[in-house]
Amino acid sequence: MAKGRAGTEPDDIRRPQPHPFATAGDHDPTTFNRSGQTMADDKKLTPRDTDFSAWYNEVVLRAELADHSPVRGSMVIRPWGYGIWERMQRALDDMFKATGHENAYFPLLIPMSFIEREKEHVEGFKPELAVVTHAGGKELEEPLVVRPTSETVIYSMFAKWVQSYRDLPILMNQWANVMRWEMRTRLFLRTSEFLWQEGHTAHTTEREAEEETRRMLEVYRQFMEEWIAMPVVTGLKSESEKFAGALRTYTCEAMMQDGKALQAGTSHNLGQNFSKQFDLTYQSEAGTEEFAWNTSWGVSTRLVGGLVMTHGDDAGVVVPPRLAPTQVVIVPIFRKEEERVAVVEKAHQIRSRLHDAGVRVRVDDREHLNPGAKFWEWERKGVPFRIEIGPRDLAKGQVVVARRVTAEGEDRKAFLPEEEALANLPGLLDSFQDFLLERARAAREARTFRGVESIDELKEILETTPGGFVHSGWCGDPEVEERIQTETKATLRCIPDPEFRSETPPDRCIGGDAPSSAEVIWARAY
RNA sequence: CGGGGCGUGGCGCAGCUCGGUAGCGCGCCUGCUUUGGGAGCAGGAGGUCCCCGGUUCGAAUCCGGGCGCCCCGACCA
């Protein structure tokens with residue numbers, strides 16, 4: 001049976017299990033201090049099942065991933081969050097290079113007239129443009145737009161560079177910031193300014209452009225699963241959800257722990273829409289003048305938000321080892337001065353041996369915090385493994401290895417001989433990475449509902465916490481889509497690719513008696 | 001833009017009904033004792049109580065006007 005199938009019976013609607021956020025290995029963040037008092041509440045995070053959205057905000061701030069900037073709706077990405085983004089960038093960049101792409105950089109400001117060139121494109125972006133009207137103390141003759149995306153400048157430049165079919169394909173990417181003036185913002189998930197990568201290509205044939213669009217979608221899927229450990233459903237966007245100016249938009253949709261969908265990355269087949277507006281033509285082998293075919297594709301710092309909402313728990317963030325700026329933190333424990341000297345020295349020895357084995361590791365030898373405080377702090381930040389070394393361990397030649405999240409029935413801490421711990425850690429990091437992906441996949445499958453045949457049924461599922469992805473038939477009528485959106489607050493996430501479809505294709509449209517022309521997925525979304 | 005809430009040391013809040021010394025928890029600084037799951041004690045720093053105006057002998061508190069932020073709905077990676 002293909003991956004992504006939930007029930008053995010296609011018509012069987014699966015119900016979610018009662019406690020969506022329960023995770024093996026979660027531990028109760030309520031602890032007691034020495035006088036037996038509970039710790040002040042302000043040290044704990046709001047639990048996910050009390051208020052998921054409050055939990056998210058607190059986690060991002062208190063794990064020091066990001067902070068609000070003085071300008072409403074924009075954020076500062078702090079070193080821990082930026083370190084995760086840097087790892088993402090590096091991995092993606094390598095994948096782009098491996099598929100033949102080169103990086104370039106285009107400017108922040110775009111002439112207003114460029115944006116206005118492609119009709120659908122303007123309509124899509126106009127409401128969220130930030131416009132520069134004054135500079136150098138004078139009003140500008142033509143307003144400049146702070147790029148919301150760069151298709152228009154990039155294809156205007158491509159037009160300048162391309163003469164012959166021999167100049168194609170162009171496979172380019174840029175890492176940049178963009179600005180879209182949003183009404184409601186949330187750290188990482190939707191801010192006015194965000195960091196992203198936008199790939200832009202030009203081809204001689206429609207088929208080649210389509211292949212490129214699909215290839216990059218697959219690169220994204222693979223990256224999201226292998227690096228973020230975040231499984232995604234891939235598929236095609238409906239007309240109403242596609243990129244403004246594209247022929248077709250493909251998407252990666254991830255399910256967050258509250259059952260809502262996160263559009264994690266998109267890849268667009270732009271057809272000849274932009275090449276026609278910007279005169280991106282080439283002379284073919286036969287000597288005729290032809291318009292090029294374009295694609296564009298992007299992922300953003302939103303992925304950091306996706307990571308948090310996929311793996312985080314009530315103790316904080318959980319960062320998959322491959323993206324963790326620090327994979328292992330070593331906490332020395334001691335009482336007397338001579339113990340401190342010995343333990344800290346051992347900690348640094350272990351650090352340097354793990355470092356040589358390719359592990360990103362640091363020693364937390366701050367003296368003003370006791371070990372417990374350090375444990376909480378690094379767990380909140382999501383460091384995958386912690387090594388504790390105290391006098392008792394020193395005497396026994398062992399270390400304590402604690403995993404950030406444990407499987408059901410597994411002990412949180414393992415007492416291992418030093419050599420064994422050192423030898424095992426790279427493997428432990430790998431298996432933790434795998435564990436996170438499998439856990440996330442299971443969570444998604446548990447909240448994927450198939451064979452849903454009526455809007456009432458859809459509504460009922462979405463209103464039962466924590467919702468999820470609902471598969472149904474659809475006749476393809478945009479009016480039906482809009483009606484469902486209004487009635488259920490769910491959007492049509494995508495027409496899933498074959499491996500995510502149900503065993504038996506739905507035969508009727510969810511909106512009525514019309515025959516279904518495509519299986520689609522509904523969900524409330526970020 | 002509609003509905004709701006809130007602006008008081010860095011953060012979270014109390015005080016406002018009923019005007020009169022600005023307070024609590026966390027955090028921060030110094031010292032000593034501590035350190036195997038968010039340390040204890042002692043001392044200390046830190047405030048235009050969002051802004052403007054009014055009432056009053058006196059305003060964080062009452063009145064008027066502004067501004068800002070957050071949450072919930074209509075747009076979006």
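Here is the naming used below: chain letters follow the sequence lines, and residue numbers restart at 1 for every chain. Predicted model only: the values in this text are computed from it and were never measured. Just so it is clear, the values below take in all heavy atoms, side chains as well, and ignore hydrogens, waters and symmetry mates.
- One can place NE2 of A:H368 at 7 Å from P of B:C29, the figure rounded to the nearest angstrom.
- Under the 3.5 Å distance criterion, with hydrogens and angles disregarded, a donor-acceptor pair is assigned to the side chains of A:E481 and A:S238.
- When both pairing distances are held under 3.5 Å, B:G12 makes a Watson-Crick or G-U pair with B:C24.
- Closest to the side chain of A:A373, out of B:G38, B:U35, B:C75, is B:G38.
- Spacing between atom NE2 of A:H68 and atom C1' of B:G68 amounts to 14 Å, rounded to whole angstrom units.
- For the C1' atoms, the distance from B:U30 to B:G64 is 48 Å, rounded to whole Å.
- Under the Watson-Crick and G-U wobble criteria, each requiring two contacts below 3.5 Å, nucleotide B:G47 is left unpaired.
- Across every strand in view, B:C41 sits in a pair with B:G31 that passes the Watson-Crick or G-U test at under 3.5 angstrom.
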Problem set entry | Chi angles and distances behind the side chain to side chain donor-acceptor pair (under 3.5 Å) call for A:H268, A:T249 | CA-CA 4 Å; A:H268 318 290; A:T249 291; 2.8 Å; yes

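- Distance, A:R190 CZ to B:C71 P: 12 Å, rounded to whole Å.
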Residues 322-332 of chain A side chain polar contacts: donor-acceptor under 3.5 Å, at least two apart:
| unit_1 | atom_1 | unit_2 | atom_2 | d |
| --- | --- | --- | --- | --- |
| A:R322 | NH1 | A:E226 | O | 3.2 |
| A:Q327 | OE1 | A:R360 | N | 2.8 |
| A:Q327 | NE2 | A:P321 | O | 3.0 |

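- Nucleic acid contact for A:V299: none, since no nucleic acid atom lies under 4.0 Å from a heavy atom of the residue.
- Ring planes of A:F435 and A:F432: parallel class, angle under 30° (limits at 30 and 60°).
- Comparing B:U35 with B:C41, their C1' atoms sit 16 Å apart, to the nearest whole Å.
- When the P atom is compared between B:G23 and B:U48, the two are found 15 Å apart, to the nearest whole Å.
- Ring-base stacking between A:F375 and B:G37 is not satisfied when judged by a centre separation under 5.5 Å and a plane angle under 30°.
- Rounded to a whole angstrom, the distance from the P atom of B:A42 to that of B:G58 is 41 Å.
- Put simply, the side chain of A:E379 and the base of B:G37 share a donor and an acceptor less than 3.5 Å apart.
- Counting any heavy atom pair closer than 4.0 Å across all strands shown, A:T191 reaches a base atom.
- Taking the six-membered ring for Trp and thresholds of 30 and 60 degrees, A:Y155 and A:F274 have ring planes inclined between 30 and 60 degrees apart.
- For the P atoms, the distance from B:C26 to B:U55 is 43 Å, rounded to whole Å.
- Taking atom C1' on both B:G2 and B:A22, the two are 38 Å apart, rounded to the nearest angstrom.
- Which of B:G37, B:A77, B:G38 sits closest to the side chain of A:R380 comes down to B:G38.
- Nucleotide B:G37 holds its P atom 13 Å from the NZ atom of A:K374, rounded to whole Å.
- Among the atoms of the strands shown, none is found under 4.0 Å from any heavy atom of A:L303.
- As judged by a 4.0 angstrom heavy-atom cut-off over every strand, A:L262 is placed among residues making no nucleic acid contact.
- Separating the C1' atom of B:G5 from that of B:C13 is a span of 15 Å, rounded to the nearest Å.
- Atom CH2 in A:W175 sits about 18 Å away from atom P in B:A77, given to the nearest Å.
- Looking only at distances, a side-chain donor or acceptor of A:K374 sits under 3.5 Å from a matching main-chain atom of A:D364.
- Closest approach to the A:D393 side chain among B:G36, B:G38, B:A77 is made by B:G36 (side chain taken as heavy atoms from C-beta onward).
- For A:P371 and A:K489, each mapped to the nucleotide of RNA chain B holding its nearest heavy atom, the one lying further toward the 5' end belongs to A:P371.
- Looking at heavy-atom distances under 4.0 Å, A:R366 makes no contact with the nucleic acid at all.
- The base-pairing partner of B:C1, taking Watson-Crick or G-U wobble contacts with both distances under 3.5 Å, is B:G73.
- Here the closest heavy-atom approach between residue A:F243 and residue A:T149 is recorded as CZ-CG2, 4.3 Å.
- Residue contacts shown for A:G390 include a base, since a base heavy atom lies under 4.0 Å away.
- Comparing B:G4 with B:U61, their C1' atoms sit 24 Å apart, to the nearest whole Å.
- Heavy-atom distances to RNA chain B give each of A:E182 and A:S53 a nearest nucleotide, and the one nearer the 5′ end belongs to A:S53.
- Here the side chain of A:W376 is nearest to one of B:A77, B:G36, B:G37, namely B:G37.
- In this structure, a donor-acceptor pair under 3.5 Å is absent between the side chains of A:R215 and A:T213.
- Among B:C71, B:C75, B:A77, the nucleotide with an atom closest to any side-chain atom of A:N57 is B:C71.
- B:C76 atom C1' lies 14 Å from atom CZ of A:R186, rounded to whole Å.
- Within 4.0 Å (heavy atoms only), A:E388 reaches at least one base atom of the nucleic acid.
- Base pairing of B:C6: its partner is B:G68, meeting the Watson-Crick or G-U wobble criterion (both donor-acceptor distances under 3.5 Å).
- Atom CZ of A:R386 is separated from atom P of B:G37 by 10 Å (rounded to the nearest Å).
- Side-chain proximity of A:P391 to B:G38, B:G36, B:A77: nearest is B:G36.
- B:G36 atom P lies 17 Å from atom CG of A:L394, rounded to whole Å.
- There is no side-chain donor-acceptor pair under 3.5 Å between A:Y250 and A:E218.
- One N or O donor and one acceptor, one from the side chain of A:K413 and one from the base of B:G37, sit under 3.5 Å apart.
- Looking at A:R335, its side chain has no donor and acceptor atom pair within 3.5 Å of the base of B:G36.
- Taking the side chain of A:R392 as heavy atoms from C-beta on, and the options B:C71, B:A77, B:G36, the nearest nucleotide is B:G36.
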